[in-house]
Undergrad: 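Pasting a structure here, questions to come.
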Number of protein chains: 2
Amino acid sequence: MSVSSSNRSQKLLYLTDEQLLQGIELMFFAYKGFTSDPDRILEEFGYGRAHHRAIHFINRWSGLTVNDLIDILGVTKQSLNRVLRQLIEDQLVESRVGTEDKRQRNLYLTLAGEALEKELATAQQARVRKAFSEAGPEAVQGFREVLENMIDDGQTAHIMALRKEQAR
Amino acid sequence: MSVSSSNRSQKLLYLTDEQLLQGIELMFFAYKGFTSDPDRILEEFGYGRAHHRAIHFINRWSGLTVNDLIDILGVTKQSLNRVLRQLIEDQLVESRVGTEDKRQRNLYLTLAGEALEKELATAQQARVRKAFSEAGPEAVQGFREVLENMIDDGQTAHIMALRKEQAR
DNA sequence: TTGGAATGTCAACAAGGCTGACGTATTATA
DNA sequence: TATAATACGTCAGCCTTGTTGACATTCCAA
């Protein structure tokens with residue numbers, strides 16, 4: 001435990017402008033590192049970050065609909081469609097007509113799609129694993145708590161909806 | 001202290017694929033939230049994230065050179081110049097010929113620039129402060145340790161160089 | 001049967017990355 | 001002192017990825 005102080009201003013030292021500024025820059029630099037490894041791989045395939053995000057969440061929630069993906073990514077259907085069309089043409093993603101609602105399209109990774117997903121995930125996980133293991137389990141727990149509190153409420157709602165869907 | 005186990009596999013539970021995957025998605029969603037508030041303000045001014053980043057670091061390292069900023073942001077001079085030109089035209093940033101090396105340009109925020117910087121910082125800090133205070137000081141420390149380990153080594157070198165410069 | 005939802009697609013545009021090329025001071029060096 | 005290298009600005013052109021608006025199709029549900 002830290003050397004605690006009964007002084008309230010002492011207790012809140014971690015919320016000073018300087019601490020917040022450091023946190024803000026940390027987010028900027030860390031996010032750059034976080035995306036750098038997958039970015040290099042994607043470049044070889046002529047893809048961008050948008051493709052990675054689509055592949056990631058299609059893998060995560062296999063069979064999710066186009067609208068699900070739009071909600072998660074927070075982009076327009078036109079923007080997503082451009083990326084999705086490429087991935088389908090390149091046979092990394094399969095789009096199947098919905099069984100219950102035939103207007104919907106359920107998205108799945110093909111074997112080739114899974115292979116690329118794995119390659120991207122491995123690269124990204126390596127960096128996160130390094131960061132986690134060097135910081136230790138307690139630090140990782142703190143990392144999680146802070147980031148969870150930074151997320152917009154609307155975002156988590158979409159994920160909750162998918163959890164329910166998948167539970168069916 | 002946590003309920004520790006002598007079993008090594010138990011100790012490394014925080015490094016499972018599932019934990020890493022959660023960490024990766026947390027980074028994605030948290031970064032989206034992190035940028036959302038400044039983005040709304042910037043839109044009113046017809047600026048983008050690139051302008052925010054320039055303004056932030058010119059404020060942080062007042063008088064830094066164009067090359068310093070290029071190194072920090074990790075963009076090309078052409079890309080930065082487009083943004084910088086607007087900010088100088090709009091009188092938010094001032095570019096002064098270097099005193100020692102007249103080839104260099106030292107960058108400063110004008111009063112108007114400082115005003116926008118403050119507005120952006122206040123919005124962004126509010127979210128980070130909320131996340132920090134809800135998570136608590138120990139969690140913030142963990143957040144810092146993990147993110148620091150995610151940053152590329154090259155990045156920190158640029159910051160170190162600026163620290164030295166400013167110490168002069 | 002009819003309105004609205006889900007999807008796909010076309011067009012046009014903007015931000016913000018990139019490369020390559022060129023010009024101009026200014027400084028460093030051979 | 002002549003030459004090379006550096007810092008900066010700018011022009012042109014390209015790419016990715018976001019946006020809005022419009023329109024067609026298919027299908028569900030009231």
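So that the names make sense, note that chain A is the first sequence line, chain B the second, and so on, each numbered from 1.
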Undergrad: For DNA chain C, determine which residues of residues 61-79 of chain A have any heavy atom closer than 4.0 angstrom to one of its atoms, and list them numerically.
TA: A:Thr65, A:Val66, A:Asn67, A:Lys77, A:Gln78
Undergrad: For B:Phe29, check ring pair (Phe, Tyr, Trp, His ring centres under 6.0 Å) against everything at least two apart and list the hits.
TA: A:Phe57
Undergrad: Who passes ring pair (Phe, Tyr, Trp, His ring centres under 6.0 Å) against B:His158, sequence neighbours left out?
TA: none
Undergrad: Has the side chain of A:Arg82 got a donor or acceptor that lies under 3.5 Å from a partner of the other kind on the base of D:dG18?
TA: yes
Undergrad: Listed by chain and number, what are the side-chain hydrogen bond (donor to acceptor under 3.5 Å, both in side chains) partners of A:Asn59, not counting sequence neighbours?
TA: A:Glu117
Undergrad: Taking it one step at a time, do B:Lys130 and B:Glu134 satisfy salt bridge (charged side-chain N to carboxylate O under 4.0 Å, His left out)?
TA: CA-CA 6 Å; B:Lys130 174 186 159 291; B:Glu134 285 177 6; 3.6 Å; yes
Undergrad: Is any side-chain heavy atom of A:Leu73 closer than 4.5 Å to one of B:Phe28?
TA: yes
Undergrad: Which residues pass the ring pair (Phe, Tyr, Trp, His ring centres under 6.0 Å) test with A:Tyr31, sequence neighbours left out?
TA: A:Phe34, B:Tyr31
Undergrad: Which residues within residues 30-44 of chain A lie with some heavy atom under 4.0 Å of an atom in DNA chain C?
TA: none
Undergrad: For the side chain of A:Asp152 and the backbone of A:Gly154, is there at least one donor-acceptor N/O pair under 3.5 Å apart?
TA: no
Undergrad: State the CD1-CD distance between B:Ile41 and B:Gln124, to the nearest 0.5 angstrom.
TA: 9.0 Å
Undergrad: A:Glu94: what forms a side-chain hydrogen bond (donor to acceptor under 3.5 Å, both in side chains) with it, not counting sequence neighbours?
TA: A:Arg96
Undergrad: Given atom CZ of B:Arg105 and atom C1' of D:dT10, what is their separation to the nearest angstrom?
TA: 13 Å
Undergrad: Can you tell me if B:Asp39 uses its side chain to pair, donor with acceptor, with the backbone of B:Ser36 under 3.5 Å?
TA: no
Undergrad: In whole Å, I'd like the distance from the CZ atom of B:Arg85 to the P atom of C:dG16.
TA: 13 Å
Undergrad: Return a single string for nucleotides 24-30 of chain C, one symbol per nucleotide in 5' to 3' order, where B is base contact, S is sugar-phosphate-only contact and - is none, cutoff 4.0 angstrom on heavy atoms.
TA: --BS---
Undergrad: Atom CG of B:Leu80 to atom P of C:dT19: distance rounded to whole Å?
TA: 14 Å
Undergrad: Please give, in whole Å, the distance from C:dG17 C1' to B:Gln86 CD?
TA: 14 Å
Undergrad: Nearest-Å distance, CD (A:Glu89) to C1' (C:dG8)?
TA: 13 Å
Undergrad: When you measure from every atom of DNA chain C, which of residues 48-60 of chain B have a heavy atom less than 4.0 Å away?
TA: B:Gly48, B:Arg49, B:Ala50, B:His51, B:Arg53
Undergrad: Taking distance alone, no hydrogens or angles, what donor-acceptor pairs closer than 3.5 Å link side-chain atoms of residues 15-24 of chain A to residues at least two apart or in another chain?
TA:
residue: A:Thr16; atom: OG1; partner: A:Leu13; partner atom: O; Å: 3.4
residue: A:Thr16; atom: OG1; partner: A:Gln19; partner atom: N; Å: 3.3
residue: A:Glu18; atom: OE2; partner: A:Gln22; partner atom: NE2; Å: 3.3
residue: A:Gln19; atom: OE1; partner: B:Arg144; partner atom: NH1; Å: 3.3
residue: A:Gln19; atom: OE1; partner: B:Arg144; partner atom: NH2; Å: 2.8

Undergrad: Taking only residues two or more places apart in sequence or in another chain, which ones pass ring pair (Phe, Tyr, Trp, His ring centres under 6.0 Å) with A:His56?
TA: none
Undergrad: What residue pairs, at least two apart or across chains, pass salt bridge (Lys or Arg N to Asp or Glu O under 4.0 Å) with a residue in residues 74-89 of chain B?
TA: none
Undergrad: For A:Asn81 and C:dT9, what is the distance between atoms CG and P respectively, to the nearest whole Å?
TA: 5 Å
